[in-house]
Amino acid sequence: MKKDFLIYGILLAVVLILYFLAPKPVNFSTTVSYIIIGLIVLSLVFVFIRTINGHFVGRRIVFLFVGIAVVLPFFMKVSQPIRVSPEVQTVYDSVARLKPGSKVLASFDYDPASAPELQPMAESFFRLCLERNLKIIIMGLWPQGPQQAEMALQIALADSLIVKKNLQRGVDYVNLGFQTGNEFVIQRMGADFRTMFSRDTRGIPYDSIPLLRDVRNFSNIDYSFNLSAGYPGTVEWVQVAVDRYGLKMGTGNTGVQATGMYPYLRAGQLKGLLGGLSGAAEFERATGKIGTATFYMLPQSFSHVVVIAFIIIGNAAFFLGEKRKEEKEKEKKQ
Amino acid sequence: MKRQVPLLITLVVGTVLILSVFFPPAERLGEDFSIFFDIIAVFAFFLGGGNLVRIHGNRLYKKNKDWAFSLVTLLGFFIMLIAGLFKLGNPGGISADVAASGSLFQMLYDWIFNPLGATMYALLAFYVASASYRAFRAKNREATILLIAAFIILLGRTPLGVYATSWIPESFSLLQIPNLAIWIMTSPNLAGQRAIMIGIALGVISMSLRLILGVERTYLGVDNE
Amino acid sequence: MTDKPTISPCLKVISASFIFLFFNIFNQTLFSQNPLQSNQSAPIYIPAPPTNVRAQDFKYDRGEAVEVRWELSADDTGSNFITGYEIYRAGEKSDSFILVGFVAPKNKLLIDKNVERGKYYRFKVAASYDGRLSYSEISNAVTPEMDIINWNLLNLFLVGLIVAGAVIYFIAHAKRGKKLFIRKIAGLEAIDEAIGRATEMGRPILFIPGISDMDDVQTIAGITLLGRVAKVVADYDIKINMPVSRSLVMTTARETIKEAYLGAGRPDAYNDDMVRYVTDEQFGYVAAVDGIMVREKPATCFYLGAFFAESLILAETGNSIGAIQIAGTAQPAQLPFFVVACDYTLIGEELFAASAYLSNEPKQLGSLKGQDVGKFLAMIVIIIGVVSATVSHAWGGEFFIKLSEYMQRIFTIQN
Amino acid sequence: MQIFGIWVAAFLTLGIISFLYKDNPWYKVCESIFVGISAGYWFVTLFFDNILGLFWRGITAPDPNYMLLVGATLGVMMLLRLVPSIGWISRWPLAFVVGATAGFYLINYFSSNVMLQVQSTLMPLLGSRFGQPVFSASLYDTIGNIVIAGGTFTGLVYFFFSKEHKGAFGGAARIGIWTIMITFGASFGYTVMSRMSLLIGRMEFIFGDWLGLIR
């Protein structure tokens with residue numbers, strides 16, 4: 001019991017030092033970052049070698065490596081080589097092709113639980129559209145969707161490049177809010193947005209919003225982007241808006257949902273797909289603006305490497321352990 | 001009396017609920033059942049809560065090994081109980097929603113309940129890594145297949161996987177890890193899930209019938225004669 | 001838009017298209033506005049209305065839905081000329097029509113679900129073209145009724161009857177003393193072996209019945225297996241430790257263990273504290289169970305019931321104390337973690353079959369045979385269905401097309 | 001006040017993580033707090049949702065639902081366990097719950113797991129994923145469909161109880177367990193990565209919100 005309290009005392013001291021004295025925020029320079037990466041890789045190789053000649057590593061070492069792989073990257077400055085996959089590039093190209101003043105419909109069908117993966121996508125998408133002077137129309141089939149959109153919009157508007165344009169609500173962007181009815185709402189929007197969204201979130205009637213004067217239904221929308229975490233979501237938008245009304249639409253999905261969307265992508269029904277955190281990071285790389293997704297990608301990639309490394313080490317230990325046992329049995333027999 | 005009546009109840013209630021699906025007038029019986037269950041569960045909670053207090057109270061009273069921690073548990077339990085039932089610190093007073101922000105109940109939830117739950121959940125990251133290291137041994141053919149499938153899917157979802165096989169020409173694009181991962185998810189994975197789900201349903205049918213017909217009675221604490 | 005006097009539809013179409021043509025020519029030659037502006041003064045053209053609107057009570061429900069059908073408007077030629085159909089409903093007294101539904105072009109049916117049983121309703125459908133509507137005639141009156149038997153589910157009833165009948169038949173068959181062959185199942189044999197290990201080492205057994213309540217059939221399967229384990233525990237006087245996360249599960253588990261001790265003739269050895277309530281919270285329960293594992297170091301851990309994300313936390317902690325671990329659940333998402341981290345895992349169906357298998361009673365084994373009939377039926381259907389679908393798809397053939405459609409229909413649930 | 005809350009949350013977070021090293025008093029305190037607070041939380045929630053919300057409002061509603069009284073009597077019977085002499089009466093509500101669960105699950109599992117899954121397996125083997133004519137169906141879809149139909153079939157063979165896994169039947173069962181193992185491997189590999197982001201979130205709380213070391 002005494003030993004435990006000694007350790008707690010030391011830990012408390014370390015915490016107080018970090019809390020009060022450490023320079024905030026801590027940032028390793030690129031060289032220091034690469035030295036640390038080198039050390040981690042070296043120690044993994046060292047563990048591999050020790051396992052080969054029979055000293056198996058305990059569970060706590062694995063835990064230690066996972067902890068390091070998640071925490072240290074927070075402080076590193078490493079440009080992570082993210083390769084933009086074709087489905088992510090399609091979303092960027094579809095937006096880049098639009099002439100200034102084109103109308104973009106952004107539909108928000110998720111809640112705070114899926115924000116870690118989808119919020120970075122919303123922020124970079126709004127930043128890209130506003131930089132290219134596109135007109136954004138926001139709506140959502142989930143109650144908290146439009147609120148998440150408003151948060152992402154404020155972050156994009158606060159961006160240095162965009163603040164100078166001092167864009168106006170109702171002229172450059174509008175938030176029509178949430179509407180119940182799932183796919184029935186999309187069907188009605190096929191005929192007339194007005195029947196589903198008589199006012200925007202600030203209560204201004206549809207007809208007195210300058211941005212929406214010549215917007216009646218999907219035929220007046222140049223590109224649409226749907227952020228989805230379940231039902232109602234991308235599947236309903238593809239079946240109604242894309243298949244029946246020919247809306248050109250890209251989508252951002254949570255990692256779990258993304259694999260289910262590839263059939264639609266392969267069949268050409270989707271103009272681009274961002275899947276999970278990696279999709280968000282690739283999109284940030286495509287738009288050239290580093291955001292939270294890229295910040296999270298580094299610890300995630302590090303922890304992937306650690307898990308893969310320990311699977312290899314684990315199997316090396318097993319095979320060599322088997323061989324070692326056979327050798328020992330042979331020696332005993334002689 | 002002690003044995004016949006419960007078995008009769010199980011038989012009647014089970015049969016009624018099976019048939020209720022086929023007769024629209026009785027369609028909603030399933031929902032009524034779940035309301036009944038919630039009420040029974042709440043009454044049973046008094047037994048559970050009572051047991052919690054008794055066990056930790058005993059440890060505290062007898063001062064055996066970990067009595068201090070039992071004291072902490074009891075304190076936590078009663079503080080949360082009082083904070084919730086009497087809505088202490090709740091801006092809306094006694095009639096307000098129990099979890100209104102600013103109330104002690106919500107504060108305890110945000111500062112204690114939530115971080116503890118989130119951290120226990122986060123332990124999975126450590127355990128998944130140690131399970132991958134320890135258990136992922138290609139001991140036999142089945143374990144090898146499991147390992148290979150997991151490895152492909154694991155790589156398929158990381159940038160690493162994309163690089164490793166990007167050199168494969170377009171015509172054999174299926175062999176590129178990300179595409180291979182998607183194919184595994186949409187074909188063999190689907191087949192295995194289906195076989196397991198069909199098996200589960202048949203297992204449930206046979207177990208439910210055994211319960212309803214009274215062939216299986218262990219749950220009643222009555223020996224199968 | 002009040003209802004115009006009825007002119008026969010074809011006459012209306014001819015006159016409408018003539019006016020359209022004339023107006024268009026007049027428009028292009030005389031006025032050279034830019035395209036945007038000319039759009040506003042486009043010729044006012046009223047699309048042909050949908051015809052033969054009829055409403056009927058939706059079959060086999062609680063009388064809360066009505067089917068509205070109609071024939072497509074003559075102008076619904078698919079050239080996106082018509083943007084859709086709007087369906088209106090009038091109640092009993094008021095004849096003011098309210099909008100209840102909207103369908104895209106080429107659709108001829110709508111099911112209106114918010115109607116009340118026994119009320120009297122009339123419908124009309126309007127073809128909409130760029131915001132202008134052309135109304136159909138008013139439909140017949142309809143009163144939704146509650147049906148007694150839902151014939152749509154006949155196929156579900158028949159297939160279910162076959163499988164359930166097989167289970168009941170084999171149970172009765174076994175009662176008459178017929179010997180039934182059931183193959184050895186590794187995971188189930190291991191249960192006895194694991195308990196044996198606990199008896200040698202004299203260390204307690206830990207039993208976790210999952211984190212669901214008694215309203216989950218997996219928890220009931222877990223409690224039934226507890227009965228088997230408790231018998232051996234009572235006979236060999238091994239300490240059993242059972243923290244639970246649901247009060248109802250606590251009371252049921254106590255009944256089961258007390259009965260096992262009575263059966264073993266040692267009622268005094270039973271103590272209610274073997275089964276303890278911890279907390280209803282998933283991760284609070286897991287934190288407490290982890291603590292118990294590390295402090296009391298049980299020789300064998302049973303995880304039998306419904307598990308969710310916490311399955312791997314329990315299995316890894318159990319492994320760290322070197323216990324034999326036997327898991328069983330019907331949650332497909334958690335099976336991989338148990339298979340990877342535990343010594344033996346009962347996969348889905350095996351959890352439900354375990355208690356029958358271990359009881360060795362003919363009646364119980366009979367129900368396993370019934371399950372096999374269900375699997376055999378599923379296998380046959382898959383063969384016939386896939387073959388007929390492939391043949392009909394690749395080379396046609398009237399018989400195969402009808403057969404594969406029939407197979408599909410048997411297994412489709414209309415709700 | 002907010003600072004105090006963050007320090008409490010940080011203390012509890014690190015306490016739980018300390019369990020990875022070994023069981024220690026810090027973890028025991030956090031565990032005890034969690035058990036106590038969560039048991040209290042659930043009782044309060046159940047009290048307001050079920051006793052007040054469901055039961056009391058149901059009874060005192062304009063058209064009172066007297067069936068709720070039946071539920072309450074079953075609940076009281078459950079409590080009678082505390083009285084040893086008539087404790088056996090608690091078997092009645094228990095029998096009701098088990099009977100209802102068995103009946104309710106039997107049909108639900110049957111229609112969603114068996115009927116739906118079997119029906120969606122009845123696909124043509126020569127794949128036509130989006131209605132393309134048969135012979136232009138890519139090899140990709142054809143192999144996929146063969147694997148799905150074959151895998152489901154052999155998976156069922158593996159679960160067969162009444163025939164020994166020998167000969168051709170044993171071969172099919174082996175393919176079946178291999179398919180099931182691919183399924184387990186796939187869903188394990190799939191969820192491994194999502195678990196990591198849970199930890200990243202907690203570590204960001206410790207090093208960012210609490211210690212303020214991250215920008």
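In what follows, every chain begins at residue 1, and chains take the letters A, B, ... in the order their sequences are listed. Values below: every heavy atom of this structure, side chains too, minus hydrogens, waters and symmetry copies.
Separation of atoms CD1 (I383(C)) and OG1 (T121(D)) is listed at 12.5 Å; rounding is to 0.5 Å. A distance of 4.5 Å separates CE of M78(D) from CG of L248(C), quoted to the nearest 0.5 Å. Q218(C) CD to T101(D) OG1: the interatomic distance, rounded to the nearest 0.5 Å, is 12.0 Å.
Here the shortest heavy-atom pairing between P336(C) and F188(D) reads CB-CB, 4.1 Å. A pairwise comparison of heavy atoms in A288(C) and V35(D) identifies CB-CG2, 3.9 Å as the closest pair.
Looking at E255(C) and R81(D), their side chains come closer than 4.5 Å, going by heavy atoms from C-beta outward. Proximity of I382(C) to T152(D): side-chain heavy atoms (C-beta onward) are separated by under 4.5 Å at one or more points.
A cation-pi arrangement is not found for K375(C) relative to Y158(D), the charged atom failing to lie both closer than 6.0 Å to the ring centre and inside a 45° cone about the ring normal.
Without hydrogens or angle criteria, D372(C) side chain to F161(D) main chain gives a donor-acceptor distance under 3.5 Å. Between the Y105(D) side chain and the D215(C) main chain, a donor and an acceptor come within less than 3.5 Å of each other. Within the 3.5 Å criterion, the main-chain N or O of E281(C) finds no donor-acceptor partner in the side chain of Y41(D). No side-chain donor-acceptor contact under 3.5 Å links R295(C) to the backbone of D23(D).
Between E164(D) and K184(C) there is no salt bridge, since none of the side-chain N atoms of the basic residue sits less than 4.0 Å from a carboxylate O of the acidic one.
With a 4.5 Å cut-off on non-hydrogen atoms, V294(C) touches chain D through its side chain but not through its backbone. Only the side chain of V339(C) comes within less than 4.5 Å of a heavy atom of chain D; its backbone N, CA, C and O stay farther away. Neither the backbone nor the side chain of A164(C) comes within contact range of chain D, judged by heavy atoms closer than 4.5 Å. T317(C) touches chain D through its side chain: at least one heavy atom from C-beta onward sits under 4.5 Å away, while N, CA, C and O do not. Neither the backbone nor the side chain of V391(C) comes within contact range of chain D; no heavy atom of the residue lies under 4.5 Å from a heavy atom of that chain. Contact annotation for I347(C): both backbone and side-chain heavy atoms come within less than 4.5 Å of a heavy atom of chain D. There is no contact between D213(C) and chain D, counting heavy-atom distances below 4.5 Å.
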